[in-house]
Amino acid sequence: MRSFRVEFNEFFEDGIISMVEVGLGPCGELRYPSCPVKHGWRYPGIGEFQCYDQYMLKSLRKAAEMRGHSFWARGPDNAGSYSSHPHETGFFCDEGDYDGYYGRFFLNWYSQLLINHGDLVLSLAKLAFEGSCIAAKLPGIHWWYKTSSHAAELTAGFYNPCNRDGYIAIAAMLHKHGAALNFACAELQFLEQLEDLQEALANPQGLVWQVLNAAWEACITVVSENAFVCHDRVGYNKILENVKPVNDPDGRHFSSFTYLRLTPLLMERQNFMEFERFVKRMHGEAVLYLQV
């Protein structure tokens, strides 16, 4: 990070680089690599806990001993595999072990280590990029959100079952470092009607509002990006609706938006015209509704 800051000093001084997003995990996101395709994960699998290397086990053993229950120094043995569904496991099913004494101990330890990791890296980033805004990215793990355990979130490190808000502590950690939250959610609400989301008991809209409200309650800046390729007006309008909500009584909106990604398809005449219109509206310019 120091080398990057020195190498691009001119761009920082001129304000060309206005924000630095700090990678905190897979795909740059603050999470455990709980759902790797190369290890057999397939959507909407719950993923697996990542707590079996020697360092994690040592930490778990220390936490269990401090709690006075050394026999808790183990990962769950009934949490299924990468592509399991919650009801197929004893840990994540309704009234499962996730909400028992051991489950709550384990999940608190597991999620806190992830927060500690983010805290450490961002403290170093704040020193390296002093004077510049830093940001951290959170994933939108919306599948199984309508279940009691929120299994996919738990394995990724977010202790967010239906009876606990797992994003408040993360927002507080980001606020401590003055870091912005990048949440790739701008058009997730648009996905509600997709059949595979219904089968996975997903709730993108519920997740979006929970995470955003945690961020706004902590008074941290929110930035975003699109999670999926978008070239049409309907998709752009949904992004605008979420990034710059017209009816928010508190006037809250996203600070910035990153459009992903530049492709030959985007450069086709009609698609680029729609993109140009979207950018102008994002900057608050009045745009005529031309016939398409």
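A quick note: this is a predicted structure, and the numbers were derived from the prediction, not measured. Excluded from the calculations below are hydrogen atoms, water molecules and symmetry mates; all remaining heavy atoms, backbone and side chain alike, are included.
A salt bridge between E13 and R5 is present, with a side-chain N of the basic residue lying under 4.0 Å from a carboxylate O of the acidic one.
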**OP:** Start with the C-alpha gap between D97 and F106, add the side-chain angles, then the distance that decides, and say whether side chain to side chain contact (heavy atoms under 4.5 Å, CB included) holds.
**Re:** CA-CA 10 Å; D97 291 347; F106 172 80; over 6 Å; no

Problem set entry | Step-by-step side chain to side chain contact (heavy atoms under 4.5 Å, CB included) determination, I134 to M19 | CA-CA 6 Å; I134 58 176; M19 178 181 288; over 6 Å; no

| query | Do E276 and R269 pass the salt bridge (Lys or Arg N to Asp or Glu O under 4.0 Å) test, and can you show the C-alpha distance, the side-chain angles, and the key distance before you say yes or no? | reply | CA-CA 10 Å; E276 182 181 24; R269 184 174 181 275; over 6 Å; no

- [ ] Take F275 and L262 through the test side chain to side chain contact (heavy atoms under 4.5 Å, CB included) and record every step on the way to the result.
- [x] CA-CA 11 Å; F275 177 69; L262 181 63; over 6 Å; no

*Could you walk me through whether N271 and M267 pass side chain to side chain contact (heavy atoms under 4.5 Å, CB included), step by step?*
CA-CA 7 Å; N271 289 339; M267 303 309 293; over 6 Å; no

For residues 58-69, which side-chain donor-acceptor pairs fall under 3.5 Å, sequence neighbours excluded?
from	atom 1	to	atom 2	distance (Å)
S59	OG	W109	NE1	3.0

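The minimum heavy-atom distance between T221 and S255, with the atom names listed, is CG2-CB, 3.2 Å. Nearest heavy atoms, G206 versus N203: N-OD1, 3.0 Å. The two residues A128 and M1 have their closest heavy-atom pair at CB-CB, 3.8 Å.
Between the OG atom of S111 and the CG atom of L154 there is a distance of 9.0 Å, given to the nearest 0.5 Å. For the atom pair CG (L181) and CG (L138), the distance works out to 5.0 Å, reported to the nearest 0.5 Å. Here the straight-line distance linking atom CG of L120 with atom CE of M173 works out to 10.5 Å at 0.5 Å rounding.
Two residues are said to be in side-chain contact when any heavy atoms from C-beta on lie closer than 4.5 Å; R42 and V37 meet this criterion. Counting only heavy atoms from C-beta outward, the side chains of Y32 and C51 never approach each other to under 4.5 Å. No side-chain heavy atom of E268 sits under 4.5 Å from any side-chain heavy atom of H231. The shortest side-chain heavy-atom distance between Y145 and N160 falls under the 4.5 Å cut-off. V222 has its side chain out of reach of R252: every pair of non-hydrogen atoms, C-beta onward, lies at least 4.5 Å apart. Side-chain contact between F158 and P139 is present, with heavy atoms from C-beta onward closer than 4.5 Å. Side-chain contact check for L207 versus E153: some heavy-atom pair is nearer than 4.5 Å. The side-chain heavy atoms of H87 and D94, taken from C-beta on, include no pair separated by under 4.5 Å.
The neighbour count for Y55 OH, taken as heavy atoms of other residues, nucleotides or ligands under 6.0 Å away, does not exceed 12. Residue E88 places its CD atom among more than 12 non-hydrogen atoms of other residues, nucleotides or ligands, all under 6.0 Å distant.
Outside the 6.0 Å centre-distance limit, the rings of F8 and F12 are not counted as a close aromatic pair. Annotation: Y159 is not in aromatic contact with Y110 [ring centroid separation under 6.0 Å not met]. Taking the centre of each ring, F49 and F92 come in below the 6.0 Å mark.
Taking the six-membered ring where the residue is Trp, Y236 and Y259 present tilted rings, their angle falling between 30° and 60°. Ring geometry for Y102 versus F105: interplanar angle of 30 to 60°, hence tilted. In this pair, W216 and W209 present their aromatic rings tilted. The plane angle is within the 30 to 60° band. Under the 30°/60° scheme for interplanar angles, the aromatic rings of W41 and W143 are found to be tilted.
Think of L127 as one node in a network of Ile, Leu, Val, Met, Phe, Trp and Tyr side chains linked at under 4.5 Å; it has no links at all.
Y167 and E217 share no side-chain donor-acceptor pair at under 3.5 Å. Using modelled atom types, one finds no donor on one side chain facing an acceptor on the other under 3.5 Å when comparing N237 with E241.
Shown here are the side-chain contact (heavy atoms from CB on, under 4.5 Å) partners of S256, two or more places apart in sequence or in another chain: V223. Not counting sequence neighbours, the partners of Y101 by the side-chain contact (heavy atoms from CB on, under 4.5 Å) test are W72, R104. Legend: residues meeting side chain to side chain donor-acceptor pair (under 3.5 Å) with K126, ordered by chain and number and at least two apart, are absent. Scored by the side-chain contact (heavy atoms from CB on, under 4.5 Å) test, K176 finds D119 as partners (sequence neighbours excluded).
Looking at S18, its side chain never comes within 3.5 Å of a backbone N or O of G15 through a donor-acceptor pair.
Cluster membership check: Y43 shares its hydrophobic cluster with W144, using side-chain heavy-atom separations under 4.5 Å among Ile, Leu, Val, Met, Phe, Trp and Tyr.
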